[in-house]
Amino acid sequence: MADQLGRPGRLCRNHCPDGCRDVFPGGELVARLAVLILGFGFLAGCVTGTPQEGCLGCHPVHYRARGNCVSCHRGNGATSRKNIAHYRFIPAALAGFTLPGSPQVALGKRLAERYGCRRCHRLAGLGNGLATNLDQLGREDPQRLLDAIKQPATAMPDFCFAGTDAAALVNTIMAAATERRGGANEVPVVVHFTPGKGVRENLFVRKCGGCHRALTAREGGLGTGDVAPNLAGLFSRFYPGEFRPAERWNAERLRRWLDNPRVVRPAARMQPVAVTPAEAVVLAELLQVPPSAGDAP
Ligand code: HEC
Ligand code: HEC
Ligand code: HEC
Ligand code: HEC
């Protein structure tokens, strides 16, 4: 699978329970064509039309009843120069969240659920506090969030989201963050991203890290494996998968899984991993997330 930048062959499988299939393959091409066609239309308009100040010199009015251009698109309305007007503006694909009932926001919600963003992040008031609280990003440049999702930080899984899906997730984050504006004085979660001493001897790194990764509250990002799911927040209700249907993961079930995954799921690919009872306790502690305000049962 090639990503947005055409870099081929990045490992994207298994970060989510069911692989990472495109929800709308081809959607991006359609979006690009639309922008291209619109672009030519507007260029022609700009050349032939009477020069005016601001966005309206180049664009027709739309959604007037809902506000002015910069209330939804940001940018700079006090110039007739495109590059300045468009500086840090919100393009059409990321502006859906400004309208009620946006289909992009709905799609982003489904994706966030399926790929388990909340095993690490708080989103719309719910989720673990292992990484940035996404509800605090309402004033961010959505373009930057798009980049953060397409080219994720080390401790965030690379889901290889392409245009339409990545844009939908940004719309969902912006919608939630805009709705929750004002919660900004919430205490930020402390996460240890720089692995401390002892990580090399860390049990997870030694016994699981070749296949798995996990973002942990105590030791930050652990492991280097990309063939198995990221186990961050395994025991929380935000982990996107269960031990068995309607049975959430817990320490005891993890021990049974490690004893023999195939007893739990006949088709499991993971081999049994020998751990002593003491090691099982350490692993369970490591995968525990501190209770967060959003994590009601
Ligand atoms: C000098 C002309 C000019 C001005 C002024 C201008 N634009 Fe544009 N805009 C364009 C052109 C041309 C395009 C077509 C795509 C491109 O070339 O980026 C465009 C595209 C857009 C798009 C769609 C781009 C996308 O990728 O979704 C939005 C949204 C937009 N402009 C908003 C604004 C807003 C808001 C303002 C005022 C703050 C503004 N523009 C001012 C010329 C202008
Ligand atoms: C209530 C929010 C809102 C306001 C106000 C608004 N827009 Fe938009 N704009 C959007 C959304 C959402 C889209 C994405 C396409 C859609 O849903 O219609 C968009 C799309 C665009 C596009 C891409 C072409 C298109 O129609 O799809 C341009 C250009 C644009 N807006 C310019 C402007 C300008 C100029 C103004 C001010 C006159 C403005 N917008 C006011 C929300 C808004
Ligand atoms: C295994 C944990 C994990 C999962 C799962 C995860 N992320 Fe992240 N994410 C991170 C980390 C770590 C960062 C780096 C910034 C930080 O939080 O310190 C990050 C950063 C981000 C940022 C940039 C925040 C900023 O201000 O720079 C966005 C946006 C984001 N993630 C969205 C998502 C979305 C959407 C999903 C689900 C599709 C997701 N993340 C799933 C761990 C995760
Ligand atoms: C040699 C590779 C490998 C090692 C080492 C490994 N695993 Fe796994 N693990 C997998 C694979 C592959 C899966 C995906 C499910 C399957 O088909 O078995 C998996 C699945 C899991 C799951 C289920 C996740 C889910 O969402 O269903 C848990 C929990 C788990 N492993 C925990 C661990 C722990 C804890 C360790 C270390 C003590 C570990 N694994 C070591 C390969 C490995």
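For ligands, and for the atoms within them, numbers begin at 1 and follow the listed sequence.
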At what distance, to the nearest 0.5 angstrom, does CD1 of I90 lie from OG of S71? 10.0 Å
E140 near ligand 3 by a heavy-atom separation under 4.0 Å: no
Which of the atoms of ligand 3 are close to N230, meaning less than 4.0 Å from one of its heavy atoms? 1 (C)
Atom CG of L169 and atom CG of L123: how far apart are they, to the nearest 0.5 Å? 9.0 Å
Per-atom contacts, ligand 1 versus S80 - under 4.0 Å to a heavy atom: 1 (C), 5 (C)
Ligand 1 atoms in contact with G54 (distance to a heavy atom under 4.0 Å): 5 (C)
Closest to atom 5 (C) of ligand 2 (judged by heavy-atom distance), picking from S102, G67, C58: G67
Evaluate D141 against R74 for salt bridge (charged side-chain N to carboxylate O under 4.0 Å, His left out), listing each step before the verdict. CA-CA 10 Å; D141 179 2; R74 300 187 188 164; 5.4 Å; no
Student check: side-chain heavy atoms of L126 and R237 closer than 4.5 Å: yes
Grab the two heavy atoms, one from N128 and one from S236, that are nearest each other, plus how far apart they are. ND2-OG, 2.9 Å
With atom 13 (C) of ligand 2 as the reference point, say which of A95, A93, C72, S71 has the nearest heavy atom. A95
For H121 and ligand 3, does the shortest N/O to N/O distance drop below 3.5 Å? yes
Heavy atoms only: which of A92, G57, C55 is nearest to atom 38 (C) of ligand 1? C55
Could you tell me which atoms of ligand 2, counted from 1 in the order shown, lie closer than 4.0 angstrom to a heavy atom of N68? 5 (C)
If you take the centroid of each ring, where Trp contributes its six-membered ring, are W249 and F235 closer together than 6.0 Å? no
Looking at ligand 1, does any of its N/O atoms fall within less than 3.5 Å of an N/O of R74? no
Number the atoms of ligand 2 from 1 as they appear, then name those within less than 4.0 Å of a heavy atom of V61, with their elements. 38 (C)
Please say whether R144 places an N or O atom under 3.5 Å from an N or O atom belonging to ligand 3. yes
Looking at G116, which atoms of ligand 3 are within less than 4.0 Å of one of its heavy atoms? 5 (C)
Per-atom contacts, ligand 2 versus T98 - under 4.0 Å to a heavy atom: 2 (C), 12 (C), 42 (C)
Polar contact flag for R119 and ligand 3 (N/O pairs, less than 3.5 Å): no
Please confirm if an N, O or S atom belonging to T132, backbone or side chain, lies less than 2.8 Å from atom 8 (Fe) of ligand 3. no
Heavy-atom pair of closest approach, residues L231 and F204: CD1-CE1, 4.0 Å
Rounded to the nearest 0.5 Å, the CG atom of L234 sits from the CH2 atom of W257 at a distance of 10.5 Å
Residues A167 and A93: closest non-hydrogen pair is CB-O, 3.9 Å
Just which atoms of ligand 2 are under 4.0 Å from any heavy atom in R66? 1 (C)
Note: heavy atom closest to atom 40 (N) of ligand 2, options H62, Q104, H86, belongs to H62
Here the gap from L145 atom CG to Q143 atom CD, rounded to the nearest 0.5 Å, amounts to 9.5 Å
May I ask you to list the atoms of ligand 3 that are less than 4.0 angstrom from any heavy atom of A232? 1 (C)
Atom 8 (Fe) of ligand 2 - closest N/O/S atom in H73: NE2
Under 4.0 Å, heavy-atom basis, I'd like to know which part of P152 is in contact with ligand 3: side chain, backbone, both or neither. neither
Taking atom CD as the centre, does E113 end up with more than 12 heavy-atom neighbours from other residues, nucleotides or ligands that are less than 6.0 angstrom away? no
Using a 4.0 Å heavy-atom cut-off, which part of L56 comes near ligand 2: side chain, backbone, both, or neither? side chain
One residue to check: L137. Relative to ligand 3, which of side chain, backbone, both or neither has a non-hydrogen atom less than 4.0 Å away? side chain
Sub-4.0 Å atoms of ligand 2 with respect to non-hydrogen atoms of L99: 1 (C), 12 (C), 17 (O)
Should we count NZ of K207 as having more than 12 external heavy atoms under 6.0 Å? yes
Working to the nearest 0.5 angstrom, can you tell me the gap between H121 NE2 and L215 CG? 8.5 Å
Number the atoms of ligand 1 from 1 as they appear, then name those within less than 4.0 Å of a heavy atom of P91, with their elements. 25 (C), 26 (O), 27 (O)
Taking atom CZ of R88 as the centre, does the number of heavy atoms from other residues, nucleotides or ligands within less than 6.0 Å exceed 12? no
Is H59 close enough to atom 8 (Fe) of ligand 1 that one of its N, O or S atoms comes in under 2.8 Å? yes
Tell me whether E242 at atom CD has more than 12 heavy atoms from other residues, nucleotides or ligands lying less than 6.0 Å away. yes
In ligand 3, the atoms that come under 4.0 Å of a heavy atom of A148 are 22 (C), 23 (C)
Considering only heavy atoms of A153, which atoms of ligand 3 have at least one such atom less than 4.0 Å away? 14 (C)
Report yes if the side chains of H73 and T98 come closer than 4.5 Å at any heavy-atom pair, otherwise no. no
